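Because the structure is predicted, anything quoted here is derived from the model rather than measured. Sequential numbering from 1 along the given sequence is applied to the chain's residues.
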Amino acid sequence: MTTSSSERGVSLGMPELPAPAYPDDVRARLEADAREIIARYPDSRSALLPLLHLVQAQEGHVTRTGMQFCADVLGLTTAEVTAVATFYTMYRRRPSGDYQVGVCTNTLCAVMGGDAIFESLQEHLGLGNGETTDDGKVTLEHIECNAACDFAPVVMVNWEFFDNQTPASAKRLVDDLRAGRPVQPTRGARLCTFKETARILAGFPDERPGAVEEGGSAGPASLVGLRLARGEAASARVVHPRGGPQGEPQDRVHEPSPAEHLSSHDAPQETSASDPSHPTGPAAEEGE
């Protein structure tokens, strides 16, 4: 017995039609921006990454129209543009929310409570990974390491840091985003929408007053090497003395002073599962 192509899930329809063009006024504006971006590079094709951010700023994700535009202005094939747009996770291939809420589930964040945060947000929002709320406000996804391990577990919103999160604080965060209440990252500039973020990543200045001065910084543990290079502080270390009396302890541990703050988990601030008041294991809801 044979099965038809439709029964096997194989489409034999017509090839996909060419991508629709941008309206004339939109294309003229994007072409002006594209010329400014391309002029920064000795080889025009090097401008592809910021150009993809530029078209993402137009529609909130990289559409077929946006990829065709990039191919046209750079003299590339759509296959070449698609290969790049599908490789980097910062480029969205389908409509997404005003706020991209990413929960780090890489190793350290996961064991510190990131997995529990992601699961609680999925249940709270009724979303799967990469899905968007019906109001178009929040897209939820798990993300890989964002180099903020000393503040684990970390949640990012449009690539701004929200450190030392718990399931309860993360749920408050997404509720505030959906309600339009002001939300301030732990460090870094105040939030803007994903489209606005994409334009900044394309290389255009953040024109909000004071936003540049609000830029964040790495955590204390991440900066220990820099501090040592400047001669500003010593790190925690184990010293192995030579020739000490037999039976005498051979290791002396340097205990950092409170001012050194070698890790945010040593700093005088509340944390999540890293805090002694939270038992090891999945982070629990407040009040449980």
Which residues share a side chain to side chain donor-acceptor pair (under 3.5 Å) with Thr63, sequence neighbours left out
Glu59
Side chain proximity check, Thr186 to Phe151, heavy atoms < 4.5 angstrom
no
With Asp33 via side-chain contact (heavy atoms from CB on, under 4.5 Å) - residues at least two apart:
Arg29, Leu54, Arg199, Phe204
Can you list every ring pair (Phe, Tyr, Trp, His ring centres under 6.0 Å) pair that touches residues 74-110, not counting sequence neighbours?
His53-Tyr91
Would you give the length of the straight line joining atom CG of Leu52 to atom CE of Met67, rounded to the nearest 0.5 angstrom?
8.5 Å
Ser46: what forms a side chain to side chain donor-acceptor pair (under 3.5 Å) with it, not counting sequence neighbours?
none
Pairwise side-chain contact, Leu177 with Leu191, heavy-atom cut-off 4.5 Å (strictly under):
yes
Would you please name every residue forming a salt bridge (Lys or Arg N to Asp or Glu O under 4.0 Å) with Glu31, sequence neighbours left out?
Arg27
When rounded to the nearest 0.5 Å, the distance separating CG of Leu30 from CG of Asp72 is 12.0 Å
Considering only residues two or more places apart or on different chains, which pairs with a residue in residues 100-142 satisfy ring pair (Phe, Tyr, Trp, His ring centres under 6.0 Å)?
Phe118-His142
Nearest heavy-atom neighbours spanning Cys70 and Leu48
CB-CD1, 4.0 Å
What residues form a side chain to side chain donor-acceptor pair (under 3.5 Å) with Thr139, not counting sequence neighbours?
Thr132
Interatomic distance, Glu141 atom CD to Met156 atom CE [nearest 0.5 angstrom]:
10.5 Å
Roughly how far, to the nearest 0.5 Å, is the CG atom of Leu125 from the NZ atom of Lys137?
14.0 Å
Taking a hydrophobic cluster as the set of Ile, Leu, Val, Met, Phe, Trp and Tyr residues connected by side-chain heavy atoms closer than 4.5 Å, whether directly or through intermediates, do Val62 and Phe194 fall within one such cluster?
no
Kindly write out the residues that satisfy salt bridge (Lys or Arg N to Asp or Glu O under 4.0 Å) with Asp175, not counting sequence neighbours, or none if the list is empty.
none
Would you sort out whether Glu144 and Asn106 count as a side-chain hydrogen bond (donor to acceptor under 3.5 Å, both in side chains), showing the intermediate values?
CA-CA 5 Å; Glu144 295 299 325; Asn106 214 326; 3.1 Å; yes
My understanding is that only residues two or more places apart in sequence, or in another chain, count here; which of them pass salt bridge (Lys or Arg N to Asp or Glu O under 4.0 Å) with Asp135?
Arg178
Within the structure provided, determine whether Ile37 and Arg40 are in side-chain contact (heavy-atom separation under 4.5 Å).
yes
Is it true that a side-chain atom of Gln56 and a backbone atom of Arg92 form a donor plus acceptor pair closer than 3.5 Å?
yes
Which residue in the set Met112, Lys171, Gln165 passes side chain to side chain contact (heavy atoms under 4.5 Å, CB included) when paired with Ile117?
Gln165
The complete set of ring pair (Phe, Tyr, Trp, His ring centres under 6.0 Å) pairs with one or both residues in residues 25-45, sequence neighbours excluded, reads none
Any donor-acceptor N or O pair under 3.5 Å, side chains Glu196, Thr193:
yes
For Glu80, all residues meeting salt bridge (Lys or Arg N to Asp or Glu O under 4.0 Å), sequence neighbours excluded:
Arg45
Any side-chain heavy atom of Val101 sitting closer than 4.5 Å to one from Val155?
yes
Donor-acceptor contact below 3.5 Å, side chain Asn158 vs main chain Cys192:
yes
With sequence neighbours excluded, what pairs up with Thr86 under the side-chain contact (heavy atoms from CB on, under 4.5 Å) test?
Thr82, Arg93
So Gln100 and Val157, do their side chains get closer than 4.5 Å, heavy atoms only?
no
Going from CZ on Arg172 to OG on Ser169, what distance comes out if it is rounded to the nearest 0.5 angstrom?
5.5 Å
Can you find a pair of side-chain heavy atoms, one from Val174 and one from Leu140, that are under 4.5 Å apart?
no
